[in-house]
Undergrad: 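Got a structure for you, written out below as structure tokens; questions coming shortly.
These values consider heavy atoms only, across backbone and side chains, with no hydrogens, waters or symmetry-generated copies.
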Amino acid sequence: YIYIYIYLPIQLHHLISLIIPKNNQSPKMLACLVERLVAENDTDSIPDPEKDGVLKDLNIEGSIDYGVTAISLGSRDFGGLYSEKPLAVIRTGGADDVVRVIRRALESPTLTVAARGNGHSINGQAMAHHGLVIDMKSMADNNRIDVNVNSMCVDVGGGALWSDVLKHCVSEYGLAPKSWTDYLHLTVGGTLSNAGVSGQTFRYGPQTSTVTELEVVTGNGEIIVCSNSHNSQLFFSVLGGLGQFGIITRARVLLQPAPDMVRWIRVVYSEFDEFTHDAELLITSQESFDYVEGFVFVNSDDPVNGWLSVLLDSNQAFDPTHLPKKTGPVLYCLEVALHYNNNHDDPFMMVEKLLGKLRYLKHFRFEIDLTYMNFLSRVDHVEEAARGSGIWATPHPWLNMFVSKKDIDAFNRIVFQNILKNGVNGPILTYPLLRSKWDNRWSVALPKNEMFYLVALLRFTHAHPTESEINEMVAQNEEIVQTCIKNGFDFKMYLPHYNSTVEWKRHFGEQWGRFVNRKRQFDPKYVLAPGQKIFTRNHQF
């Protein structure tokens with residue numbers, strides 16, 4: 001139920017085979033995993049709900065899975081680094097079932113409840129050790145996507161996938177939400193519990209800024225409808241609240257007319273200051289593209305980390321002979337997109353006008369035209385190829401953070417140009433965001449500077465990673481975090497994961513007291529989202 005986003009180069013699907021071993025050797029047990037799936041005959045380690053008796057006579061419209069079935073459904077996530085065995089997985093029929101589950105947990109001194117969306121958390125945030133995992137994707141309300149054309153909004157279930165919202169709204173009404181994530185097979189409630197960022201965030205804010213109303217089941221076991229004017233404290237608490245205050249069972253999201261087409265463009269820079277200058281210019285200009293992102297890539301012919309990762313089409317070519325002679329170990333790509341409609345708009349003049357202001361290397365401009373639907377779904381074919389090759393199911397030690405503009409140059413010198421000079425076997429995203437587009441009443445923690453950069457290391461392994469390979473990735477992530485702390489950088493983790501109260505206090509800073517008070521109000525027995533490791537049952541301060 002935790003939002004992550006994927007942004008893989010469009011041509012990566014035919015490169016995946018290059019990182020797959022030619023042998024059929026099974027992967028070694030990874031030392032960084034807390035646990036792996038339990039074998040079917042390992043019954044001693046499987047929680048016994050009958051012995052505990054906590055779910056006896058729990059009357060729900062959905063269904064309950066126990067034992068090995070529950071473990072297979074609720075003990076793994078996309079990160080693949082942690083595994084916690086749940087007592088049971090609840091396939092809920094709706095918000096009333098969520099209420100019943102939480103109220104049953106409140107009767108126990110130890111039981112916890114975690115909401116799980118599409119399983120894309122990285123560090124076990126949607127797990128519950130010997131607790132109850134609610135499968136949000138199973139909610140019957142997810143099939144109801146109610147568009148109100150007059151109000152230009154859509155009501156969707158908290159467990160609905162953004163990909164389904166897109167298809168329904170565009171195909172049936174020609175409308176679409178304003179702000180997206182790069183990867184759309186994520187639940188609505190999951191992204192709203194974090195923020196939901198992508199190339200539209202500079203203009204519309206994160207996905208949390210496009211929500212006008214929520215239905216939430218709190219940790220008190222109550223269904224509450226909230227907005228910025230009604231039960232507003234809960235509304236702002238839940239948005240970016242990491243699932244700590246309630247489970248989102250419905251959201252009302254603003255819509256706008258969907259364009260027909262998108263001109264998708266990538267341009268290359270050898271100097272970081274020119275890259276950041278242009279990115280910041282675009283996100284602060286009144287006249288700009290509809291989408292602005294960026295990434296770092298290795299200055300080499302490495303098929304995954306290098307020059308080829310910039311290309312948008314197999315017919316395009318990257319000629320390194322046109323690069324400046326004193327180019328460093330990494331290069332920078334600014335990625336933009338402009339919306340237009342068939343038979344009405346000619347994007348050429350606007351594209352040339354906007355690109356004419358930029359300082360990119362003129363020999364390195366790549367562009368294609370896509371339908372709006374295909375552009376927003378651009379990662380789907382990469383996922384399909386990754387699943388087929390086996391690397392979708394391997395561990396993904398990803399790192400996501402926000403770094404203040406005042407520190408991004410130093411971050412580039414220390415991290416991009418040195419620690420990560422050989423790449424991460426996947427995209428290294430970095431692009432600026434505006435703090436003014438974020439509401440300080442939300443629970444999400446941000447750097448203090450008005451402008452900050454998203455930095456996302458979206459690591460992939462080959463199909464059979466060794467213990468040492470995974471541990472090296474995890475260690476490198478930790479090195480980067482410690483580097484930020486040591487140098488006094490103004491930064492915050494996005495999709496944060498910590499193991500101690502001291503670390504969480506540092507993460508929230510001045511907002512920690514407000515966060516604790518919200519927890520005491522909406523989940524006073526600390527039942528919800530135990531996998532975040534912020535609070536424990538019967539938490540003591």
Undergrad: Can you find a heavy atom in the side chain of L528 that is under 4.5 Å from one in the side chain of F245?
TA: no
Undergrad: Would you sort out whether S198 and E293 count as a side chain to side chain contact (heavy atoms under 4.5 Å, CB included), showing the intermediate values?
TA: CA-CA 7 Å; S198 185; E293 287 196 9; 3.2 Å; yes
Undergrad: Over 60° means perpendicular and under 30° means parallel, so tell me whether Y291 and F375 are parallel, tilted or perpendicular.
TA: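 If you compare the ring of Y291 with that of F375, the planes turn out perpendicular.
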Undergrad: Any side-chain donor paired with an acceptor under 3.5 Å for Q511 and R514?
TA: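 Short answer, yes.
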Undergrad: Could you go through the ring pair (Phe, Tyr, Trp, His ring centres under 6.0 Å) check for Y498 and W504 one step at a time?
TA: CA-CA 6 Å; Y498 297 109; W504 281 111; 5.1 Å; yes
Undergrad: Does the distance from a Lys or Arg side-chain N to an Asp or Glu carboxylate O, for K167 and E172, drop under 4.0 Å?
TA: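 No, no charged N to carboxylate O under 4.0 Å.
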Undergrad: Which of parallel (below 30°), tilted (30 to 60°) and perpendicular (above 60°) describes W392 and Y183?
TA: tilted
Undergrad: Scan V253, V149, L254 and name whichever one has a side-chain contact (heavy atoms from CB on, under 4.5 Å) with V154.
TA: V253
Undergrad: Does one side chain, of N220 or R103, offer a donor that lies under 3.5 Å from an acceptor on the other?
TA: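 Checked: N220/R103 side chains show no N/O donor-acceptor pair below 3.5 Å.
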Undergrad: Looking only at atom types and distance, does a side-chain atom of D97 sit under 3.5 Å from a main-chain N or O of G62, one as donor and one as acceptor?
TA: yes
Undergrad: Is it the case that the side chain of S232 and the backbone of F235 share a donor-acceptor pair, with hydrogens and angles ignored and the cut-off at 3.5 Å?
TA: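 Answer holds: no.
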Undergrad: Walk me through it: do R378 and D182 pass the test salt bridge (Lys or Arg N to Asp or Glu O under 4.0 Å)?
TA: CA-CA 8 Å; R378 61 193 177 276; D182 290 325; 2.7 Å; yes
Undergrad: Tell me if the NZ atom of K492 is crowded by more than 12 foreign heavy atoms within 6.0 Å.
TA: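 Atom NZ in K492 is packed in, count exceeds 12.
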Undergrad: Output yes when a side-chain donor or acceptor of S377 lies under 3.5 Å from a complementary backbone atom of M373, and no otherwise.
TA: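 The answer is yes, because a donor-acceptor pair under 3.5 Å joins these two groups.
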Undergrad: If you measure from the Lys or Arg side-chain nitrogens to the Asp or Glu carboxylate oxygens, is any gap between D155 and R252 under 4.0 Å?
TA: yes
Undergrad: Answer yes if the side chains of E472 and Q476 hold a donor-acceptor pair under 3.5 Å, and no otherwise.
TA: no
Undergrad: Mark yes or no for whether S179, through its side chain, and G205, through its backbone, hold a donor-acceptor pair below 3.5 Å.
TA: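 Yes, S179 side chain to G205 backbone: donor-acceptor pair under 3.5 Å.
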Undergrad: Taking D77 for its side chain and G79 for its backbone only, find out whether a donor-acceptor pair lies under 3.5 Å.
TA: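 Judged by distance alone, yes, a pair lies under 3.5 Å.
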Undergrad: Under a 3.5 Å cutoff, is there a donor and acceptor pairing between the side chains of T191 and W162?
TA: yes
Undergrad: Does the side chain of I223 reach to within under 4.5 Å of the side chain of D96, using non-hydrogen atoms?
TA: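 Of all side-chain heavy-atom pairs linking D96 with I223, at least one is under 4.5 Å.
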Undergrad: Looking only at side chains, do T249 and E215 share a donor and an acceptor under 3.5 Å apart?
TA: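 Yes - a donor-acceptor pair under 3.5 Å links their side chains.
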Undergrad: Going through the checks in order, is the side-chain hydrogen bond (donor to acceptor under 3.5 Å, both in side chains) test met by T181 and Q207?
TA: CA-CA 8 Å; T181 55; Q207 289 181 310; 4.7 Å; no
Undergrad: For residues P530 and T536, determine if any side-chain heavy atom of one lies less than 4.5 Å from a side-chain heavy atom of the other.
TA: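 No, side chains not in contact.
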Undergrad: Answer yes or no: is there a donor N or O on one side and an acceptor on the other, between the side chain of S121 and the main chain of N123, under 3.5 Å?
TA: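 Not at all, since once roles are kept as given, no pair shorter than 3.5 Å links the two residues.
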Undergrad: How many angstroms lie between atom CG of L234 and atom SG of C226, to the nearest 0.5 angstrom?
TA: 4.0 Å
Undergrad: When you compare the side chains of N142 and K137, does any donor N or O come within less than 3.5 Å of an acceptor on the partner?
TA: no
Undergrad: Taking atom types as modelled, is there a side-chain donor on S237 or S443 under 3.5 Å from an acceptor on the other?
TA: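 Note: S237 and S443 side chains miss the donor-acceptor criterion.
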Undergrad: Do you see a donor-acceptor pair shorter than 3.5 Å between the side chains of N425 and H462?
TA: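 No, H462 and N425 have no side-chain donor paired with an acceptor closer than 3.5 Å.
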Undergrad: The test is side chain to side chain contact (heavy atoms under 4.5 Å, CB included); show your working for I134 and M136 and say whether it passes.
TA: CA-CA 6 Å; I134 298 178; M136 297 300 295; 3.7 Å; yes
Undergrad: Within the 4.5 Å heavy-atom criterion, are S209 and W438 side-chain neighbours or not?
TA: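 With C-beta onward as the side chain, the pair stays apart.
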Undergrad: Under 3.5 Å, is there a donor on one side chain and an acceptor on the other for Q244 and Y526?
TA: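 No, no side-chain donor-acceptor pair sits under 3.5 Å.
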Undergrad: Given 3.5 Å as the limit, does a donor-acceptor pair link the side chain of N118 with the main chain of L186, or not?
TA: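 The answer is no, because no donor-acceptor pair under 3.5 Å joins these two groups.
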Undergrad: For E384, does the CD atom have more than 12 heavy-atom neighbours from other residues, nucleotides or ligands under 6.0 Å away?
TA: no
Undergrad: Is there a side-chain contact between L87 and L132 in this structure, where contact means two heavy atoms from C-beta onward sitting under 4.5 Å apart?
TA: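 In contact.
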Undergrad: Show your reasoning for whether salt bridge (Lys or Arg N to Asp or Glu O under 4.0 Å) applies to R387 and E383.
TA: CA-CA 6 Å; R387 286 185 183 277; E383 177 185 356; 2.9 Å; yes
Undergrad: Does CD belonging to Q482 count more than 12 external heavy atoms closer than 6.0 Å?
TA: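 Count over threshold, so yes.
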Undergrad: Donor-acceptor check, side chain of R537 to backbone of L111, threshold 3.5 angstrom: yes or no?
TA: yes
Undergrad: For the residue pair C169 and L255, establish whether any side-chain heavy-atom pair is separated by less than 4.5 Å.
TA: yes
Undergrad: Quick one: does any side-chain atom of D523 pair with a main-chain N or O of K519 as donor and acceptor, under 3.5 Å?
TA: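 Checking the backbone N and O of K519 against the side chain of D523, no donor-acceptor pair under 3.5 Å is found.
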Undergrad: Do the non-hydrogen side-chain atoms of E450 and L434 ever get within less than 4.5 Å of each other?
TA: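 Yes, their side chains come closer than 4.5 Å.
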Undergrad: Does any N or O in the side chain of N194 come within less than 3.5 Å of the main-chain N or O of G190, such that one atom is a donor and the other an acceptor?
TA: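 At least one qualifying donor-acceptor pair exists.
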Undergrad: Give a yes/no verdict on a cation-pi contact between R518 and F515, requiring under 6.0 Å between NZ or CZ and the six-membered ring centre and an angle within 45° of the axis.
TA: no
Undergrad: Judged by modelled atom types alone, do Y82 and E84 share a side-chain donor-acceptor pair under 3.5 Å?
TA: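 No - no donor-acceptor pair under 3.5 Å links their side chains.
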Undergrad: When you look at T394 and T461, which way does the side-chain hydrogen bond (donor to acceptor under 3.5 Å, both in side chains) test go after all the steps?
TA: CA-CA 7 Å; T394 59; T461 67; 2.9 Å; yes
Undergrad: Among residues at least two apart in sequence or on other chains, which ones pass ring-ring contact (aromatic ring centres under 6.0 Å, His included) with Y173?
TA: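 By the ring-ring contact (aromatic ring centres under 6.0 Å, His included) rule, Y173 matches H168.
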Undergrad: Could you please spell out the steps behind the side chain to side chain contact (heavy atoms under 4.5 Å, CB included) verdict for Q233 and Q521?
TA: CA-CA 10 Å; Q233 189 170 1; Q521 180 177 357; 3.1 Å; yes
Undergrad: With side chains defined as the heavy atoms from C-beta onward, is the minimum distance between V217 and E222 less than 4.5 Å?
TA: no
Undergrad: Mind checking the NZ-NE2 spacing from K533 to H129? Nearest 0.5 Å is all I need.
TA: 10.0 Å
Undergrad: Under the side chain to side chain contact (heavy atoms under 4.5 Å, CB included) criterion, do F491 and F402 qualify, and how do the steps go?
TA: CA-CA 5 Å; F491 82 102; F402 296 137; over 6 Å; no
